[in-house]
A.B. asks: 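Sharing a structure here in structure tokens format.
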Protein chains: 2
Amino acid sequence: MPGPHRWRKRFEGHICRWTMPREAILDLLSRTTKHLSAKEIYANLLQIYPGIGLTTIYRTLDLLEKTGMIKKFNFRQGENRYEFAGEQRPHHHHLICTSCGKIIDYSDFAEEELELVEKSAKQLAEKYKFLVQDHNIEFYGLCQQCQKD
Amino acid sequence: MPGPHRWRKRFEGHICRWTMPREAILDLLSRTTKHLSAKEIYANLLQIYPGIGLTTIYRTLDLLEKTGMIKKFNFRQGENRYEFAGEQRPHHHHLICTSCGKIIDYSDFAEEELELVEKSAKQLAEKYKFLVQDHNIEFYGLCQQCQKD
DNA sequence: CTGATAATGATAATCATTTTCAATAATAAT
DNA sequence: ATTATTATTGAAAATGATTATCATTATCAG
């Protein structure tokens, strides 16, 4: 379903209107494999949507995150980064280069990981009475380029 | 080795002097099982060390982290939290309650986790030429109390 | 004991993110 | 289509955590 209202259905049930900034932000995130920050999204959109406000970017990102259409990440870089969460994108985690900030998605070991996570969630629920709703696994280190430097 | 210079040896090799604020901060962190923020540490220490500055807290936390004596965590709460990293404390990860912010340490599944992490690190190094130096696993959800509310 | 200089702490500055609020625009009802 | 309602926007100011500046102080080698 191409066109300006491609994502509209996902909003039904949420109290909100479909607007150009929302379309533009979601569209941008759906097209890139990068993990953009609010400022980067702002810089990108200014070109095709002069006049858009950084405040709106932040508000929209919050909203999109609540609807589950995007995911928010903190990679210890001082600013949050966002990632489109469509069905096309498989479950994955991240390798973060602590030197240059490069982020690599990986979805290897998905089965073993899922197994461990589910087992953990179950037993943690029993032992600590904790209801697991989300998990995060990430590796920090050096990317190929930064290992040379 | 009790006394004011208990931790001094760990600093050897690092260009720094052993001072009261450093002793006080490290001592506080070594005594608590909580994950304190800079401001919480500040509030705590003001009682036994009036005149200590928040700036010094931040600087010292950075230093202690670099020496590996403490660990820094971002639990998506807007402020970083710190944890003592002595040998007494086993390798563990965290359950974070998204409602009240409570943090629970757990060290269950250490073997399976270590196995998965090591296997992952090895294969990620091959496939992505990424040198893994650190990893983070955390579960977000609701603690017992917040499940009731 | 003393000098070199690392460390401190008050203050100001940064930087990401939020809040405020008047103006605007999306949608429902007419 | 037109209008009324009110969610959304964007500019500007506020916030809150963290960092930089810099004159003063304190550690520790000699």
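Keep in mind that the numbers below use all heavy atoms, side chains included, and drop hydrogens, waters and symmetry copies. For clarity, every value in this text was computed on a predicted model and none was experimentally measured. Each chain gets a letter, A, B and so on, in the order its sequence line appears, and its residues count up from 1.
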A.B. asks: Distance check needed: C:dT17 C1' versus A:F73 CZ, whole Å only.
C.D. replies: 19 Å
A.B. asks: Expressed in angstrom and rounded to an integer, what is the separation of A:W18 atom CH2 from C:dT27 atom P?
C.D. replies: 10 Å
A.B. asks: Taking side chain to side chain donor-acceptor pair (under 3.5 Å) as the test, write out the residues that go with B:Q77, two or more places apart.
C.D. replies: B:R81
A.B. asks: Among all residues two or more places apart in sequence or in another chain, which pass the ring pair (Phe, Tyr, Trp, His ring centres under 6.0 Å) test with A:F73?
C.D. replies: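 Applying ring pair (Phe, Tyr, Trp, His ring centres under 6.0 Å) to A:F73 gives A:F75, A:H94.
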A.B. asks: I need the CG-C1' distance between B:L64 and C:dA7, as an integer number of Å.
C.D. replies: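 My rounded result for the distance is 13 Å.
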A.B. asks: Is there side-chain contact between B:E113 and B:H91, with at least one heavy-atom pair below 4.5 Å?
C.D. replies: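 Contact flag for B:E113/B:H91 side chains = yes.
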A.B. asks: Tell me: CD of A:E79 to C1' of C:dT14, nearest whole Å?
C.D. replies: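 That distance rounds to 14 Å.
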A.B. asks: Specify the separation, in whole Å, of atom CD of A:E23 and atom C1' of D:dT8.
C.D. replies: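 After rounding, the reported distance stands at 16 Å.
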A.B. asks: Can you check whether B:I137's main-chain N or O pairs, donor with acceptor, with B:H93's side chain at less than 3.5 Å?
C.D. replies: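 The answer is yes, because a donor-acceptor pair under 3.5 Å joins these two groups.
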A.B. asks: Donor-acceptor pairs are to be reported for all side-chain atoms of residues 117-126 of chain A against protein atoms at under 3.5 Å, with residues two or more places apart or in another chain.
C.D. replies:
residue	atom	partner	partner atom	Å
A:K119	NZ	B:E112	OE2	2.1
A:S120	OG	A:L116	O	2.6

A.B. asks: Could you tell me how far apart B:E65 (CD) and D:dT18 (P) are, to the nearest whole angstrom?
C.D. replies: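 Distance check: B:E65 CD to D:dT18 P gives 12 Å.
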A.B. asks: Quantify the bending of the helix from C:dC1-D:dG30 to C:dT30-D:dA1 as the angle between its end axes, each fitted on five pairs, to 10°.
C.D. replies: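 Roughly 40° between the end axes, to the nearest 10°.
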A.B. asks: Quick one: list whatever passes side chain to side chain donor-acceptor pair (under 3.5 Å) with B:K129, sequence neighbours left out.
C.D. replies: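 With sequence neighbours excluded, B:K129 shows a side chain to side chain donor-acceptor pair (under 3.5 Å) to no residue whatsoever.
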A.B. asks: Taking salt bridge (charged side-chain N to carboxylate O under 4.0 Å, His left out) as the definition, give me every residue that meets it alongside B:R76, ordered by chain and number, with sequence neighbours left out.
C.D. replies: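 B:R76: salt bridge (charged side-chain N to carboxylate O under 4.0 Å, His left out) contacts with A:D134.
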A.B. asks: What residues from residues 35-53 of chain A pass a heavy-atom cutoff of under 4.0 Å to DNA chain C?
C.D. replies: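 Under 4.0 Å from DNA chain C: A:K39.
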A.B. asks: According to side chain to side chain donor-acceptor pair (under 3.5 Å), who are the partners of A:N136, at least two apart in sequence or on a separate chain?
C.D. replies: A:E138, B:E138
A.B. asks: Please report the distance, rounded to the nearest Å, between CD1 in A:I25 and C1' in D:dG10.
C.D. replies: 12 Å
A.B. asks: List, with names and distances, any nitrogen or oxygen atoms from the protein found under 3.5 Å away from nitrogen or oxygen atoms belonging to nucleotides 19-26 of chain D.
C.D. replies:
residue	atom	partner	partner atom	Å
D:dA20	N6	B:T55	OG1	3.3

A.B. asks: Could you tell me the separation between the CZ atom of A:R22 and the C1' atom of D:dT9, rounded to a whole number of Å?
C.D. replies: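 Rounding to the nearest Å, CZ of A:R22 and C1' of D:dT9 are 9 Å apart.
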A.B. asks: Enumerate the residue pairs fulfilling side chain to side chain donor-acceptor pair (under 3.5 Å) with a member in residues 43-63 of chain A, sequence neighbours excluded, ordered by first and then second residue.
C.D. replies: none
A.B. asks: Would you please name every residue forming a salt bridge (charged side-chain N to carboxylate O under 4.0 Å, His left out) with B:K127, sequence neighbours left out?
C.D. replies: A:D108
A.B. asks: Within less than 4.0 Å of OP1 or OP2 of D:dA17, is there a side-chain N or O belonging to B:N80?
C.D. replies: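 For B:N80, the contact criterion (side-chain N or O under 4.0 Å from OP1 or OP2 of D:dA17) is not met.
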A.B. asks: Please name all residues satisfying side-chain contact (heavy atoms from CB on, under 4.5 Å) with A:L131, sequence neighbours left out, ordered by chain then number.
C.D. replies: A:Q133, B:L142, B:Q147
